Amino acid sequence: MDATFATGKELQKMNPVFGQLSFNDHEQIVFCNDKDTGLKAIIGIHNSVMGPALGGTRMWNYNTEWEALNDVLRLSRGMTYKSAITGLNIGGGKAVIIGDAKTQKTPELMRKFGEFVHSLSGRYITAEDVGMETKDMDTVRDVTPYVTGISEERGGSGNPSPVTAYGVYLGMKAAAKSQFGSDVLDGKKVLVQGIGHVGEALVEYLTKEGAKVFITDINEEKLYEVAQKYNATIFTGEDIYTADVDIYAPCAMGATINDDTVNKIKAKVIAGAANNQLADENIHGARLSERGILYAPDFLINAGGIINVYAELEHYGKAEIMRKTENIYNTTLEIIDYAVKNGMTTHKAALTIAQNRIDLRKIENAAKK
């Protein structure tokens, strides 16, 4: 059935928003549309118990509006738990703009998006994500103060990607320590899928430590550039999931661990920067555990970016940003230990600890009223 021609009753049966599995008790969803600039965006506010919802804006050429909605719902939920597990007093939100960032993004479109963000009066604070640059956040800042990740020239923390990569690197080392008995990555074979801003920075960290780095990306020009720059090996096999590597680092889009791939993966550790790596966090998380593959929860180890932009709200400097990011190593070890002791997956362990912190804050907030 084509939703464009569905009747009101048919749409009600379809449960297009509240019936989505990814809806997960979101507080607010805002659909933004502007004919003049071509803006079509969705802002998802999942939870504001810990504070205003903070999360980046992603511009992506989604195949359908349903795909965009599902993505913003999953991403904003992930931000809630990412901030909670990292110890930040901030809620979870996210935004997606439907369109090609290379050909359709204009300053006018970004300013109009900023106006929609501003209309929420601080309930949602935006930042940089896939398809966005620091300069885009500067443009948004022209119309609203509710944006982070702006340039250092304008008093911001700048590009969060290097800090995100550093957190992933440390989370990977912690997972390696648990799985292999040592956190030394020298000689370990690591496959990095996606070499955008974060992926490339991760390749640099791994190369400096002496890891044997394999890279793959849909952008061939970028692939050859990074391979030459860091002496990395371009993966040329037919299926990256059957690659004979020690660590698989997904750093592109989510859901690469799914029904088709979960039984093929040969790597013993999965640790990457992508959000929502498990297509079904319960089924695929359990299957990885059964196969003896250690999964470093994505929303924990990729939290360096949110730590970086959160600094703009709390007014702390680079030293504190790095200290908080370095703590990802210890938190990863703690979660792995918690998972083993409680007979659950690492993903479930991380969610449980994060939810406990949110529940405690909810009780504290109620007591103050």
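These numbers come from a predicted model, not from an experiment.
- Considering OG of Ser48 and CD1 of Ile358, their distance stands at 10.5 Å, rounded to 0.5 Å.
- Residue Lys362 places its NZ atom among 12 or fewer non-hydrogen atoms of other residues, nucleotides or ligands, all under 6.0 Å distant.
- Within 6.0 Å of NZ in Lys348 there are 12 or fewer heavy atoms belonging to other residues, nucleotides or ligands.
- Judged as a side chain to side chain donor-acceptor pair (under 3.5 Å), the pairs with a partner in residues 34-44 (not counting sequence neighbours) are, in order, Asn33-Lys40, Asp34-Thr37.
- The shortest non-hydrogen separation linking Ala350 to Ile335 is CB-CD1, 3.8 Å.
- For the atom pair CD1 of Ile43 and NZ of Lys94, the computed distance is 13.0 Å after rounding to the nearest 0.5 Å.
- Legend: residues meeting side-chain contact (heavy atoms from CB on, under 4.5 Å) with Glu364, ordered by chain and number and at least two apart, are Leu360, Arg361.
- The ring pair (Phe, Tyr, Trp, His ring centres under 6.0 Å) pairs that include a residue from residues 337-369 are Phe299-His347, where partners are two or more places apart or lie in different chains.
- Contact check for Thr80 versus Val49: no side-chain heavy atoms found under the 4.5 Å cut-off.
- Taking both residues in full, the closest heavy atoms of Ile45 and Ala53 are given as CG2-CB, 3.8 Å, listed atom of the first, atom of the second, then distance.
- With hydrogens and angles disregarded, a donor-acceptor distance shorter than 3.5 Å links the side chain of Gln104 to the backbone of Asp100.
- Tyr224 OH: 12 or fewer foreign heavy atoms inside a 6.0 Å radius.
- A donor-acceptor pair shorter than 3.5 Å can be found between the side chains of Asp359 and Gln355.
- A search for side-chain hydrogen bond (donor to acceptor under 3.5 Å, both in side chains) contacts involving Ser161 returns Asn159, not counting sequence neighbours.
- Looking at Lys173, its side chain does come within 3.5 Å of a backbone N or O of Asp183 through a donor-acceptor pair.
- Under the 3.5 Å distance criterion, with hydrogens and angles disregarded, no donor-acceptor pair is assigned to the side chains of Asn263 and Arg291.
- Evaluation of the side-chain contact (heavy atoms from CB on, under 4.5 Å) rule for Arg323 yields Glu320 as partners, not counting sequence neighbours.
- In terms of heavy atoms, Gln277 sits closest to Pro250 at OE1-CG, 3.3 Å.
- Residue pairs meeting the ring pair (Phe, Tyr, Trp, His ring centres under 6.0 Å) criterion with at least one member in residues 105-136, sequence neighbours excluded, are His118-Tyr146.
- The hydrophobic cluster around Ile363 extends to none of the other residues, as no ILVMFWY side-chain heavy atom falls under 4.5 Å of it.
- More than 12 heavy atoms of other residues, nucleotides or ligands lie within 6.0 Å of CD in Glu115, so this atom counts as buried by the packing criterion.
- Put simply, the side chain of Leu300 does not reach to within 4.5 Å of the side chain of Thr346, judged on heavy atoms.
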Going through the distances and angles, do Glu281 and Arg77 end up as a salt bridge (Lys or Arg N to Asp or Glu O under 4.0 Å)?
CA-CA 13 Å; Glu281 59 193 47; Arg77 174 178 178 263; 3.0 Å; yes
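- Partners of Ser151 under the side-chain contact (heavy atoms from CB on, under 4.5 Å) rule, at least two apart in sequence or in another chain, are Thr134, Asp138, Glu153, Arg154.
- The pair Lys188-Glu209 does not meet the salt-bridge criterion, since no charged nitrogen lies less than 4.0 angstrom from a carboxylate oxygen.
- Rounding to the nearest 0.5 Å places CD1 of Ile90 at 13.5 Å from NZ of Lys82.
- Listed by chain and residue number, Thr126, Met137, Val140, Arg141, Ile150 satisfy the side-chain contact (heavy atoms from CB on, under 4.5 Å) test with Val147 (two or more places apart in sequence, or in another chain).
- Summarising the hydrophobic clusters (Ile, Leu, Val, Met, Phe, Trp, Tyr; side-chain heavy atoms under 4.5 Å, direct or chained), the residues clustered with Ile240 are Leu191, Phe214, Phe235, Tyr241, Val245, Tyr248, Ile257, Val262, Ile265, Ile270, Leu278, Leu288, Ile293, Tyr295.
- The cluster map of Ile, Leu, Val, Met, Phe, Trp and Tyr, joined by side-chain heavy atoms under 4.5 Å apart, puts Ile215 and Val198 in different clusters.
- The side-chain heavy atoms of Thr261 and Thr256, taken from C-beta on, include no pair separated by under 4.5 Å.
- When side chains are defined from C-beta on, Met59 does not count as touching Asp136, because their heavy atoms never get closer than 4.5 Å.
- To the nearest 0.5 Å, atoms CG (Leu333) and NZ (Lys177) are separated by 6.0 Å.
- In this structure the side chain of Ile97 never reaches within 4.5 angstrom of the side chain of Lys105, judged on heavy atoms.
- When each of Lys266, Lys264, Lys268, Lys189 is tested with Asp244 by the rule salt bridge (Lys or Arg N to Asp or Glu O under 4.0 Å), just one qualifies, namely Lys189.
- More than 12 heavy atoms of other residues, nucleotides or ligands sit less than 6.0 Å from atom NZ of Lys318.
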Show your reasoning for whether side chain to side chain contact (heavy atoms under 4.5 Å, CB included) applies to Ile247 and Leu185.
CA-CA 10 Å; Ile247 301 169; Leu185 300 178; 3.9 Å; yes
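- Contact check for Tyr62 versus Val96: side-chain heavy atoms found under the 4.5 Å cut-off.
- Shortest non-hydrogen contact noted between Thr139 and Met110 is CG2-CB, 3.9 Å.
- Note on Ile353: it clusters hydrophobically with Ile301, by side-chain heavy-atom contacts below 4.5 Å among ILVMFWY residues.
- Placement of Ile234 and Tyr230 within a single hydrophobic cluster is found when ILVMFWY residues are connected by side-chain heavy-atom separations under 4.5 Å, directly or transitively.
- Annotation: side chain of Thr332 is in contact with side chain of Ile328 (closest heavy-atom distance under 4.5 Å).
- Residues forming a side-chain hydrogen bond (donor to acceptor under 3.5 Å, both in side chains) with Asp259 (at least two apart in sequence, or on another chain): His284.
- Counting all heavy atoms, side chain and backbone alike, Gly149 lies closest to Glu128 at O-OE1, 4.5 Å.
- Across Ala249 and Val190, no two heavy atoms sit closer than the pair CB-CG1, 4.5 Å.
- The backbone N or O of Ile195 sits less than 3.5 Å from a side-chain atom of Asp217, completing a donor-acceptor pair.
- Counting non-hydrogen atoms of neighbouring residues, nucleotides and ligands closer than 6.0 angstrom, the NZ atom of Lys222 exceeds 12 such neighbours.
- Linking Ile, Leu, Val, Met, Phe, Trp and Tyr whenever their side-chain heavy atoms come within less than 4.5 Å puts Val309 and Ile321 in one cluster.
- We find the CG-NZ distance between Asp186 and Lys212 to be 9.0 Å, quoted to the nearest 0.5 Å.
- Judged as a ring pair (Phe, Tyr, Trp, His ring centres under 6.0 Å), the pairs with a partner in residues 168-200 (not counting sequence neighbours) are, in order, Tyr169-Tyr205.
- Residues Ile306 and Ser83 meet the side-chain proximity criterion, which asks for heavy atoms closer than 4.5 Å.
- No continuous path of ILVMFWY side-chain contacts below 4.5 Å connects Leu75 to Met50, so the two sit in separate hydrophobic clusters.
- For the atom pair Leu73 CG and His46 NE2, the distance stands at 9.0 Å (nearest 0.5 Å).
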Determine whether Leu170 and Glu326 satisfy the following criterion, side chain to side chain contact (heavy atoms under 4.5 Å, CB included), listing intermediate values before the conclusion.
CA-CA 7 Å; Leu170 293 174; Glu326 283 165 1; 3.9 Å; yes
